[in-house]
Amino acid sequence: MNKALQVLKDRGFIKQCTDLEALDALMEKGPVKFYVGVDPTGSSLHVGHMVPFFAMHHMQEAGHNPIALVGGGTSMIGDPSGKTEMRKMLTIDQINENASSIRGQLGTVIDFDENRESGKAVMLNNYDWLGGLNYLEFLRDIGKHFSVNRMLTFESYKQRLERGLSFIEFNYQLLQSYDFLTLFRDEGCRLQMGGDDQWGNIVAGVELVRRCERDECYGLTFPLVSRADGKKMGKTEKGAVFLSPELFSPYEFFQYWRNVADADVVKFLKMFTFLPLEEIDELAKLEDQEINRAKEILAYEQTKIIHGKEEADKAREAAKAAFSNQGSGVAIDREAIPSVEIPMSELAAGINVMDLYARTELCKTKSDARRLVVQGGATIENKKVSGIDVTIDDSWVNDGELLLRAGKKRYFRVVLTD
RNA sequence: GGGGAGGUUCCCGAGUGGCCAAAGGGGGCAGACUGUAAAUCUGUUGCAAUAGCUUCGAAGGUUCGAAUCCUUCUCUCCCCA
């Protein structure tokens with residue numbers, strides 16, 4: 001099998017392919033142009049979005065040419081796949097803004113070059129060809145190839161049919177297929193990859209190219225990554241695990257990976273890191289407590305890829321300090337723990353524990369803080385807070401800061417300023 | 001356009017005049033147990049705080065008193081066209 005495909009297969013990226021053998025043969029012959037769609041509906045991607053791009057990375061390494069297609073046009077419509085509700089519609093300005101920040105994030109795993117140096121990836125926006133589309137022409141040239149009966153048999157539409165599906169959403173498949181056709185015509189793109197929820201749309205695109213151009217393109221989908229605990233990949237109680245450090249701090253990001261379920265570690269190492277498979281196989285042998293080493297490596301590698309080595313080092317150190325020295329009061333590097341600033345003078349006057357906690361991200365409200373303290377979950381500088389009447393003043397300060405802890409894992413720093 | 005059913009606290013979902021800040025489940029948070037795991041058990045889960053305040057799509061109204069009754073508006077879903 002072709003090297004790139006083999007890598008994808010070995011790392012668990014392949015779920016379905018329209019014609020694996022033929023694709024294999026095509027890739028053997030030389031570099032293949034392929035694309036993956038991204039939705040610019042938010043300003044930041046989250047880890048769940050990254051699967052196709054890690055796959056893209058491996059493809060690019062093997063010499064194939066990636067196109068990241070921003071769905072500027074399609075996101076103005078909303079894809080029903082896997083959604084129970086219609087998506088919000090965005091303005092062009094918002095989309096463009098999102099697209100540029102997403103591009104930066106993809107840059108962590110993909111090598112872009114808008115000048116199209118050989119093999120470098122490009123980012124295109126389907127608004128460029130969808131925006132000025134003529135409705136009548138589109139219906140005549142493209143619409144005629146689609147059968148409503150057939151579309152209704154697609155799982156993604158079936159589900160939505162029960163709850164209601166607006167006409168514009170129903171058109172999503174046509175537009176995505178048209179994307180493929182356009183990329184084939186203009187760029188010579190022959191392969192579309194995406195999450196398995198996109199299977200229907202991808203197949204439709206392959207068929208459209210076949211009908212219009214009598215040529216064969218291919219589709220490849222990745223498994224929808226799930227977690228062993230049944231939760232959605234990349235989601236926490238507080239929201240998605242965003243790649244943007246403003247929305248999700250590198251420390252928390254590190255912690256997210258550090259805390260994955262045992263059963264997921266190997267799978268994630270394969271998909272979300274670039275470690276050689278032999279090394280991963282070694283880590284896979286770890287059991288029980290030992291498996292924590294594999295989790296640390298996963299967290300470190302992943303953080304390094306997304307946030308850079310420096311942040312990864314900091315997060316790892318901070319985690320070590322926070323967890324391994326619990327109780328001893330020794331903290332090595334607190335830098336990576338999120339913080340808030342409070343004037344020293346204010347603290348010197350004394351602040352009630354509940355008020356202090358309520359000012360951090362640890363507690364949303366004072367009631368929240370009260371609960372925490374009452375239940376014995378509040379710890380400051382490794383001293384357990386005994387009750388809600390405790391007043392925190394400068395005698396608690398250690399090295400110009402206060403390290404607040406809620407429960408066992410959540411930390412927050414209060415940095416004292418003059 | 002006609003007819004019908006609905007909008008309850010993070011989610012699902014009870015609740016038809018006072019005993020409702022609102023059952024139950026999920027989720028979250030905290031505690032115990034642990035490996036910063038899973039599973040399990042316990043507590044907790046509007047704001048504030050010993051009073052009190054603001055919630056049950058929105059705005060009015062009836063009443064000593066409404067999530068529960070009336071009016072208007074609004075949104076969603078279903079059936080017919």
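Reminder, nothing fancy here: chain letters follow the sequence lines and each chain counts from 1.
Taking only side-chain atoms of A:K408, from C-beta outward, the nucleotide of B:G31, B:A37, B:A30 with the closest atom is B:G31.
For the residue pair A:Q105 and A:S44, a side-chain donor N or O sits within less than 3.5 Å of a side-chain acceptor on the partner. Side-chain N/O atoms of A:Q198 and A:Q192 include no donor and acceptor closer than 3.5 Å. Using modelled atom types, one finds no donor on one side chain facing an acceptor on the other under 3.5 Å when comparing A:Q94 with A:N98.
Look at B:C47: its Watson-Crick or wobble partner, with both distances under 3.5 angstrom, is B:G52. Remark: B:U16 base-pairs with no nucleotide; criterion is Watson-Crick or G-U wobble with both hydrogen-bond distances under 3.5 Å. Under the Watson-Crick and G-U wobble criteria, each requiring two contacts below 3.5 Å, nucleotide B:G1 is paired to B:C80. Pair assignment for B:C10: B:G26, on the basis of Watson-Crick or G-U wobble contacts that are both within less than 3.5 Å. Of the nucleotides present, none pairs with B:G65 by Watson-Crick or G-U wobble criteria with both distances under 3.5 Å. The nucleotide B:C41 finds its pairing partner in B:G31, both defining distances of the Watson-Crick or G-U wobble pair being shorter than 3.5 Å.
Using cut-offs of 30° and 60° for the angle between ring planes, the A:H49 and A:H46 rings count as tilted. The aromatic rings of A:H57 and A:F274 lie parallel to each other, their planes meeting at an angle below 30°, with 60° marking the opposite boundary.
Taking atom P in both B:A30 and B:U74, one finds a spacing of 45 Å when rounded to whole Å. The C1' atoms of B:C47 and B:U9 are separated by 13 Å, rounded to the nearest whole Å. Spacing between B:G15 and B:U68 at atom C1', rounded to whole Å, works out to 8 Å. Rounded to the nearest Å, the gap between the C1' atom of B:C79 and that of B:G24 is 33 Å. Distance noted for atom P between B:G57 and B:U42: 33 Å (whole Å). Comparing B:A51 with B:G4, their C1' atoms are spaced 48 Å from each other, to the whole Å. The separation of B:A5 from B:C69, taken at their P atoms, amounts to 14 Å, rounded to a whole angstrom. With P as the reference atom, B:U62 and B:G13 are 34 Å apart, rounded to whole Å.
Here A:K364 does not reach the OP1 or OP2 of B:C10: none of its side-chain N or O atoms lies under 4.0 Å away. Checking the phosphate oxygens (OP1, OP2) of B:A37, no side-chain nitrogen or oxygen of A:R258 falls inside 4.0 Å.
Contacts of A:A263 with the nucleic acid, taken as non-hydrogen atoms under 4.0 Å apart, are absent. When heavy atoms are screened at a 4.0 angstrom cut-off, A:Q255 is found touching base atoms of the nucleic acid.
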Between N or O atoms, less than 3.5 Å apart, protein on one side and nucleotides 47-50 of chain B on the other: list the pairs.
residue, atom, partner, partner atom, Å
B:C47, OP1, A:T365, OG1, 3.1
B:C47, OP2, A:R371, NH2, 2.7
B:A48, OP1, A:K366, N, 3.1
B:A48, OP2, A:T365, OG1, 3.3
B:A48, OP2, A:K366, N, 3.2
B:A48, OP2, A:S367, N, 2.4
B:A48, OP2, A:S367, OG, 2.5
B:A48, N7, A:S367, OG, 3.4
B:A49, OP1, A:K366, NZ, 2.5
B:A49, OP2, A:K366, NZ, 3.3
B:A49, N7, A:R370, NE, 2.9
B:A49, N7, A:R370, NH2, 3.2
B:A49, N6, A:R370, NE, 3.3

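Across the protein-nucleic acid pair, A:L372 atom CG and B:U44 atom P stand 16 Å apart, rounded to whole Å. In this structure, CG of A:D264 is placed 16 Å from C1' of B:U36, rounded to the nearest angstrom. Atom CG of A:D262 is separated from atom P of B:A39 by 11 Å (rounded to the nearest Å). As a whole-Å value, the separation of A:Y411 OH from B:C29 C1' is 17 Å.
A:N201 approaches A:S177 most closely through the heavy-atom pair O-OG, 3.9 Å. Closest approach of A:G400 and A:V397 over heavy atoms only: N-CG1, 3.6 Å. Counting all heavy atoms, side chain and backbone alike, A:V209 lies closest to A:C217 at CG1-SG, 3.7 Å.
Residue side chain A:Q375 does not reach the base of B:G31 through any donor-acceptor N/O pair under 3.5 Å, judged by distance alone.
Under the 4.0 Å criterion applied to side-chain N and carboxylate O atoms, A:D313 and A:K304 are not assigned as salt-bridge partners.
If you find the closest nucleotide of RNA chain B to A:F254 and to A:G407, the one lying nearer the 5' end belongs to A:G407.
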